[in-house]
Structures are given as structure tokens and as C-alpha cells.
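Below is one structure; the comments refer to it alone.
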Amino acid sequence: MPVYVVLLGPPGAGKGTQAGIVAKATGLVHISSGDLFREHIKNQTDLGKQVDAILKRGDLVPDDVTIAMIRERLTQPDCANGAILDGFPRTPAQAEALNGMLAEFGGKVDVVPYIQVEQAELIDRLSGRWVCRAHGHVYNATSNPPKTAGVCDLDGSELYQRDDDKRETVEKRIRVYFEQTAPLIEHYRGEGRLVDINGAQEIAQVTEDLLKALPEQAK
Ligand code: ADP
Ligand code: AMP
């Protein structure tokens, strides 16, 4: 049976960082809705053109568009054993659509680690975030610097700062998170799937806590 992990947490909590590490450790596929949108924007696809301004503003892409993109990704053969979802679902309607999809694939949302970090730290982290052009590997100027400034350790590609990591947009994205995504915390807690993770710890300690939270068949 496939295993599906939903990483919840505000922008800057460390979802992408942890999903990358946990994917390598478990063999589960890391699916980041934000990375998928940025890939469409880079390739100037119709979807990319449709969502570019929305990402720049820090708003959410409409549910139907986002759900269709994730459904398409989850049906690809590399997801046969499951996936770690990072950035999806972000609204109650997306969470409901996800349940329907996973039931079709013979699975369910197995566990929802909720990575908590306080707001001042989120703003600090995002203002120092650098991302690689080739694969979206994530660094931080102070807490997780690359070996050579401006260059990805893993694939040698250039590092850049995201348009939406500007201070005003970061504040907007955190607001959007509290208004539209935070209700999912209590929803999943009520279903008994939520596991609280202290995201203010060192990256390696957060990974250790996350690995403990995964179902046995993913380890
Ligand atoms: P998210 O995907 O939740 O938006 P990221 O994984 O992109 O978050 O992390 C945001 C920033 O914080 C990045 O610059 C990353 O290097 C840094 N970061 C991630 N985890 C930690 C941590 N535990 N401690 C300090 N900095 C971290
Ligand atoms: P992220 O990389 O997760 O920080 O997402 C970057 C941006 O992509 C968000 O600010 C939204 O504009 C968009 N986005 C990513 N995931 C979703 C989602 N599940 N629903 C709607 N918009 C999303």
C-alpha cells in the first residue's frame, strides 16, 4: 500500500528542506506544489503564465488548478509507493480533494507532521533563503550556507533568491497561511493524524523527529 505524508507548517518552517532529506532516506518521492508551479513559470507553459502573478503577490493559486496539477503528478509511476507532499493541501477544499484522490490510488493520508516555528524566525529564515536553479535545493545564508557562495553543493547550479521572499510578500504569505491553511491543523489533529514537530531545532534534529513520526512501512 502506498504511504502518503503531508508536511504542514508556515512558509519558512523547513518543509522543503526536510522533505528533501526524508525523501532520500525513505525512497518516497518529494512533491512540492510550489516547485511544480515555479517549474511551469520557468518553462513558460500555459499554467506558468496563468499563475506567475499570483505567486509574485503571495496569494494562493485557485484550488481547481492546484488540485489538477497535483493529481497529474501523483499518477506518475515514480509515486507508486507514495509521496511526501510539501505545500499541498493548503485549503480545506484541497484536503478534501486529496482524500478522494488517495482513496482512488488505494491509499490515504497516513501522517501529517506539523512543523512549528515562531513568526520572527520565519521572516529571518526566508530573507536568508537561497534556492538552486536546477532542482530547488534550499540553503540559508546563516543557518545552512552552501560550501561556495552562490553555488549549489549538490548540482553546481546557480543559487537565487525567490521573488516572493521579499519582506512584504513574506508577511503576506504568512497572513495567507494563517487565514487559509492553519485550519487544516485542527482538522488533521481531530482525525488523529497530526504529529507536532518542533521546527526551531537544528535541521538534523528536526529530521530525526520526523523520521520517528513516519509509519513503519516508510522507514
Ligand atoms: P519551507 O519549505 O517550509 O518554506 P524551507 O525548507 O525552504 O521552508 O526553509 C526556509 C529557510 O530556512 C531556508 O533558507 C532553509 O535553509 C532554512 N532552514 C530550514 N530548516 C531550518 C532549521 N531547522 N534551522 C534553521 N534554518 C532552517
Ligand atoms: P511554496 O513554494 O510552498 O512557498 O509556494 C509558493 C507559492 O506557490 C505560494 O505562495 C502560492 O502562490 C503557490 N502555491 C504553492 N502551493 C499551493 C497550494 N497548495 N495552493 C495554492 N497555491 C499554492
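Bear in mind that the values here come from a model prediction, so they are computed numbers and not experimental data. Atoms considered below: every heavy atom in the structure, side chains included; atoms not considered: hydrogens, waters and symmetry mates. Just so you know, ligand 1 is whichever comes first in the structure, and atom 1 is the first atom listed for that ligand.
Residue contacts with ligand 2 for Leu55 involve both N, CA, C or O and side-chain atoms from C-beta outward (heavy atoms, distance under 4.0 Å). Looking at Gln94 against ligand 2, only its side chain comes within 4.0 Å, counting heavy atoms. At a heavy-atom cutoff of 4.0 Å, ligand 2 is contacted by no atom of Arg57, backbone or side chain.
The shortest N/O to N/O separation between Arg129 and ligand 2 does not fall below 3.5 Å. Considering backbone and side-chain atoms alike, Gly87 places an N or O below 3.5 Å from some N or O of ligand 2.
Every pair passing side chain to side chain donor-acceptor pair (under 3.5 Å) that includes a residue from residues 92-107 is listed here, sequence neighbours excluded: Asp63-Gln94, Arg71-Glu104.
Nearest protein heavy-atom neighbour of atom 16 (N) of ligand 2: Ser33 OG, 2.8 Å. For atom 12 (O) of ligand 2, the closest non-hydrogen atom on the protein side is Asp59 O, 2.5 Å. Scanning the protein heavy atoms around atom 22 (N) of ligand 2, the nearest turns out to be Val61 N, 3.0 Å. Here the heavy atom of the protein found nearest to atom 23 (C) of ligand 2 is Phe37 CE1, 3.7 Å. Counting only heavy atoms of the protein, atom 9 (C) of ligand 2 lies nearest to Arg90 NH2, 3.8 Å. At the shortest separation from atom 4 (O) of ligand 2 among protein heavy atoms lies Arg162 NH2, 3.0 Å.
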Atom pairs, nitrogen or oxygen, ligand 1 to protein, under 3.5 angstrom:
| unit_1 | atom_1 | unit_2 | atom_2 | d |
| --- | --- | --- | --- | --- |
| ligand 1 | 2 (O) | Gly16 | N | 2.8 |
| ligand 1 | 3 (O) | Ala13 | N | 3.3 |
| ligand 1 | 3 (O) | Gly14 | N | 3.0 |
| ligand 1 | 3 (O) | Lys15 | N | 2.8 |
| ligand 1 | 3 (O) | Lys15 | NZ | 2.8 |
| ligand 1 | 4 (O) | Gly12 | N | 2.8 |
| ligand 1 | 4 (O) | Arg129 | NH1 | 3.1 |
| ligand 1 | 6 (O) | Gly16 | N | 3.4 |
| ligand 1 | 6 (O) | Thr17 | N | 2.8 |
| ligand 1 | 6 (O) | Thr17 | OG1 | 2.6 |
| ligand 1 | 7 (O) | Arg129 | NH1 | 2.6 |
| ligand 1 | 8 (O) | Gly14 | N | 3.1 |
| ligand 1 | 14 (O) | Tyr139 | O | 2.8 |
| ligand 1 | 14 (O) | Asn140 | ND2 | 2.9 |
| ligand 1 | 16 (O) | Tyr139 | O | 3.4 |
| ligand 1 | 23 (N) | Gln201 | O | 2.8 |
| ligand 1 | 24 (N) | Arg125 | NH2 | 3.3 |
| ligand 1 | 26 (N) | Ser143 | OG | 2.8 |

Worked check of side-chain hydrogen bond (donor to acceptor under 3.5 Å, both in side chains) between Gln50 and Asp46: CA-CA 6 Å; Gln50 194 185 336; Asp46 287 344; over 6 Å; no
Could you check Ser157 against Asp155 for side-chain hydrogen bond (donor to acceptor under 3.5 Å, both in side chains), going step by step and ending with a plain yes or no? CA-CA 6 Å; Ser157 74; Asp155 59 36; 2.9 Å; yes
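With salt bridges taken as basic N to acidic carboxylate O contacts below 4.0 Å, one links Glu171 and Arg167. No salt bridge links Asp35 with Lys42; every basic N to acidic carboxylate O contact stays at or beyond 4.0 Å.
No side-chain heavy atom of Ser127 sits less than 4.5 Å from a side-chain heavy atom of Val170.
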Let me have the donor-acceptor pairs involving side chains of residues 211-218, under 3.5 Å, with sequence neighbours excluded, atom names and distances please.
| unit_1 | atom_1 | unit_2 | atom_2 | d |
| --- | --- | --- | --- | --- |
| Glu216 | OE2 | Lys219 | NZ | 3.4 |

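The hydrophobic cluster containing Leu7 also contains Val195, counting ILVMFWY residues as joined when their side-chain heavy atoms lie under 4.5 angstrom apart, directly or transitively.
Counting atoms of ligand 2 from 1 in the listed order, those under 4.0 Å from a heavy atom of Arg38 are 2 (O), 6 (C). Residue Thr66 has at least one heavy-atom neighbour below 4.0 Å for each of these atoms of ligand 2: 18 (C), 19 (N), 20 (N), 21 (C). Interface of Gly34 with ligand 2, defined as ligand atoms under 4.0 Å from a residue heavy atom, comprises 2 (O), 5 (O), 15 (C).
One distance of note links NZ of Lys108 with CE of Met1; it measures 6.0 Å at 0.5 Å rounding. If you take CD on Gln116 and CD on Glu121, they are separated by 13.5 Å, rounding to the nearest 0.5 Å. The CG atom of Leu28 sits 10.0 Å away from atom CG of Leu85, with the distance rounded to the nearest 0.5 Å.
The environment of CG in Asp78 is crowded: more than 12 heavy-atom neighbours from other residues, nucleotides or ligands sit within 6.0 Å.
Every residue was checked against the ring-ring contact (aromatic ring centres under 6.0 Å, His included) condition with His30, not counting sequence neighbours, and none meets it.
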